[in-house]
Amino acid sequence: MSDTSELIKEEEEVIAPEPEDQSDDSSGDEAAGDTEMDFLRNLFSSSLGLGSADKVLDELTLEGVAEYIKSGKCENIICMVGAGISTSAGIPDFRSPGTGLYANLQKYKLPYPEAIFQIDYFKKHPEPFFALAKELYPGQFKPTLCHYFIKLLKDKGYLRRCYTQNIDTLERVAGLEGDDLIEAHGTFYTSHCVSFSCRQEYDLDWMRDKIFSEDIPRCDKCKSLVKPDIVFFGESLPVRFFTSMKMDFPRCDLLLIMGTSLQVQPFAGLVGRVSKSCPRLLINMEKAGQADPLFGLVGFGGGMDFDTDKAYRDVAHISTCDDGCLAFAELLGWKAELEELVKREHAKIDSLAEQEKAGESARAAAEGSAAPEPEKEE
C-alpha cells in the first residue's frame with residue numbers, strides 16, 4: 001500500500017515476520033532492551049546538557065547540506081524512507097485524506113481500516129488482504145526518481161544503509177541489495193507459512209501466482225495460510241532492524257529522511273540515534289518528527305528542530321520526494337547523471353515487461369493450437 005509502499009505498512013505500530021529460528025526471538029528481545037537503555041542514556045545526557053553538539057552546516061538549507069557533502073566531511077549517509085517516496089509510482093500512502101490507503105478500504109467491509117493489517121484478523125479473514133495485495137502487488141510499479149537518487153548515493157560510495165518502512169520492494173528494483181537495506185516493516189520478497197511448526201518459505205513468484213489466480217495462498221506442506229513477510233500489527237520487527245541500527249547510527253554523517261510522517265515507533269525514534277552533531281535533512285510534503293515543545297522546555301531532546309532559535313542541524317525541504325531529490329542532485333552536480341539513470345532503468349523495465357508479455361502471448365497461442373479439434377458429427 002506504499003508508505004505500498006509502505007505497501008502495507010507505512011505507519012502504524014507495525015511489526016516483522018518472526019524469524020524461522022526461534023532462538024532469534026530472544027535476540028530480538030535483548031536488542032529491544034538495549035535500545036530502550038540507549039534511549040534512556042541519550043535522554044538523560046540531553047536533559048543534563050552532557051555531550052557536545054558541534055554545528056557542521058554553514059546554513060540550514062538544502063544548499064548547506066549539499067556543500068557539506070561536497071566538502072568531503074560526509075562519508076556515511078543513512079536514508080530513512082516511507083510511503084511518500086513511492087506515491088509518484090502510483091502507490092498510495094496511508095494517511096492522505098481522500099487518497100490515502102486507509103480512506104479507500106470501504107469495499108472490503110472491515111470493522112476498521114487497520115484491521116486489514118492485523119495479524120489476528122488476517123488469520124480469520126485473509127480474503128480482504130489478498131484482494132488488496134493483488135491491486136498493489138510488487139512488479140506493477142517502477143521505482144521513482146527518489147529511489148534512484150538513493151541508488152546513486154550507493155554508487156558514489158555514500159550510502160551506509162537505507163532503512164525503509166515500505167514493503168513494495170522498489171528499493172530492490174532500483175538496484176539496492178539486501179545488505180544495503182533494512183526493511184523495517186518487512187517485504188513481499190519472501191513469504192512463510194504462518195504455522196510455527198512448519199514455517200515453509202516461498203518466493204515472490206510463488207506468491208504472485210497464488211494472488212493473481214485469486215487463490216488464498218496455502219502451504220504446500222501443511223495447508224496453513226502463507227503470509228508475505230511484511231510486518232502486521234501484532235508482530236515483531238525483524239531482529240536485524242535492532243542489531244543494525246546500533247552499528248549504523250553512531251557512524252552516520254548525514255541522516256536523510258524522506259516521505260514519512262515519523263509517527264510510527266520504533267522507526268520514528270531512529271532520528272534520535274545519530275550523534276548530536278549529525279545533520280538531519282527531511283524531504284517531505286510537510287514537516288515531521290518535531291520535538292514536543294513541552295519536552296523541549298524541560299530539556300528532553302531527540303525530535304527534529306527546524307524553527308527555534310536553538311536549531312543548528314535540522315533542515316526541512318518541503319516538496320515532493322522526487323522534486324526534492326532532483327533539486328538536491330542539481331546542487332551536488334548529479335542532476336544529468338540522475339536523470340539518465342532513471343531513463344535508462346525505466347527503459348530496461350519496459351523492455352522486460354514487453355518481453356514477458358510477448359512470451360505470455362506466444363505460450364497462449366501455442367496452447368491454443370495444441371488443443372485437439374472437436375470431432376465432427378457424421
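Only a predicted model underlies this, so the values are computations on that prediction, with no experimental measurement involved.
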Gap separating the [atom1] atom of [X] from the [atom2] atom of [Y], nearest 0.5 angstrom:
X: Ser244; Y: Ile78; atom1: OG; atom2: CD1; value: 10.0 Å
X: Ile77; Y: Leu256; atom1: CD1; atom2: CG; value: 7.0 Å
X: Leu152; Y: Leu341; atom1: CG; atom2: CG; value: 6.5 Å
X: Glu177; Y: Arg172; atom1: CD; atom2: CZ; value: 9.5 Å
X: Asn166; Y: His185; atom1: CG; atom2: NE2; value: 9.5 Å
X: Leu62; Y: Ile283; atom1: CG; atom2: CD1; value: 6.0 Å

Would you call [X] and [Y] a side-chain contact if the rule is heavy atoms closer than 4.5 Å?
X: Ile91; Y: Thr87; value: no
X: Cys219; Y: Ser195; value: no
X: Thr164; Y: Leu181; value: yes
X: Cys325; Y: Met258; value: yes
X: Phe233; Y: Ile116; value: no
X: Cys79; Y: Leu159; value: yes
X: Val226; Y: Val194; value: no
X: Arg218; Y: Leu225; value: yes

Closest non-hydrogen atom pair between [X] and [Y], with its separation:
X: Lys70; Y: Leu331; result: NZ-O, 3.1 Å
X: Leu282; Y: Ala288; result: CD2-N, 3.4 Å
X: Lys335; Y: Glu330; result: CB-CA, 3.8 Å
X: Lys221; Y: Tyr202; result: N-OH, 4.0 Å
X: Pro238; Y: Ala184; result: CD-O, 3.2 Å
X: Ser86; Y: His147; result: OG-CE1, 3.3 Å

Are Phe212 and Tyr189 linked, directly or through other ILVMFWY residues, by side chains that come within less than 4.5 angstrom of each other?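 As far as the 4.5 Å side-chain criterion goes, Tyr189 and Phe212 are not connected within one cluster.
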Single-linkage hydrophobic cluster Ile119~Phe188, side-chain heavy atoms < 4.5 angstrom: yes
Is there a side chain to side chain contact (heavy atoms under 4.5 Å, CB included) between Met285 and Ile318? Walk through the geometry before answering. CA-CA 5 Å; Met285 291 296 289; Ile318 305 304; 5.6 Å; no
Polar contact flag, side-chain donor to acceptor under 3.5 angstrom, Ser88-Asp322: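 Short answer, yes.
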Is a donor from one side chain sitting under 3.5 angstrom from an acceptor on the other, for Asp229 and Ser191?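 Side-chain D/A pair, Asp229 to Ser191: absent.
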The test is side chain to side chain contact (heavy atoms under 4.5 Å, CB included); show your working for Leu332 and Tyr158 and say whether it passes. CA-CA 13 Å; Leu332 291 164; Tyr158 288 107; over 6 Å; no
What about His346 and Tyr148, are their ring centers closer than 6.0 Å? yes
Please confirm whether the backbone N or O of [Y] pairs with a side-chain atom of [X], one donor and one acceptor, at under 3.5 Å?
X: Asp215; Y: Pro217; result: no
X: Asp323; Y: Leu326; result: no
X: Asp253; Y: Glu75; result: yes
X: Arg240; Y: Glu183; result: no
X: Glu345; Y: Ile349; result: no
X: Lys227; Y: Ile230; result: yes
X: Ser351; Y: Ala347; result: no

Lys73 to Tyr68, cation-pi by 6.0 Å centre distance and 45° axis angle: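 The answer is no; the distance or angle limit is not met.
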Verdict with reasoning, Lys156 to Glu337, per salt bridge (Lys or Arg N to Asp or Glu O under 4.0 Å): CA-CA 11 Å; Lys156 292 182 177 295; Glu337 187 177 357; 3.0 Å; yes
Sidechain N-carboxylate O distance under 4.0 Å for [X], [Y]:
X: Asp248; Y: Arg273; value: no
X: Asp180; Y: Lys151; value: no
X: Lys287; Y: Asp307; value: yes

CG/Asp58: more than 12 non-hydrogen atoms of other groups inside 6.0 Å: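 No - once you tally the heavy atoms of other residues, nucleotides and ligands closer than 6.0 Å, there are 12 at most.
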Around Phe306, counting heavy atoms of other residues, nucleotides and ligands shown, do more than 12 lie under 6.0 Å from its CZ?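 It does: Phe306 CZ has more than 12 such atoms within range.
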Determine the sole option in Thr260, Asp314, Leu262 for which the side chain to side chain contact (heavy atoms under 4.5 Å, CB included) test with Val271 is passed.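 Among the candidates, only Leu262 passes.
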Walk me through whether Asp168 and Phe141 qualify under side chain to side chain contact (heavy atoms under 4.5 Å, CB included). CA-CA 9 Å; Asp168 52 29; Phe141 306 96; over 6 Å; no
What residue among Glu201, Gln200, Arg199 forms side-chain hydrogen bond (donor to acceptor under 3.5 Å, both in side chains) with His192?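 Considering Glu201, Gln200, Arg199, a side-chain hydrogen bond (donor to acceptor under 3.5 Å, both in side chains) with His192 is found only for Glu201.
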How far apart are the C-alpha atoms of Glu67 and Glu63, what are their side-chain angles, what is the distance that settles it, and do they pass the side chain to side chain contact (heavy atoms under 4.5 Å, CB included) test? CA-CA 6 Å; Glu67 288 302 316; Glu63 291 81 356; 5.5 Å; no
Side-chain atoms of residues 122-134: list all donor-acceptor pairs with protein atoms under 3.5 Å, sequence neighbours left out, distances to 0.1 Å.
unit_1: Lys134; atom_1: NZ; unit_2: Glu214; atom_2: OE2; d: 2.8

Aromatic ring pairing Phe241/Tyr163, orientation class (parallel under 30°, perpendicular over 60°, tilted between): perpendicular
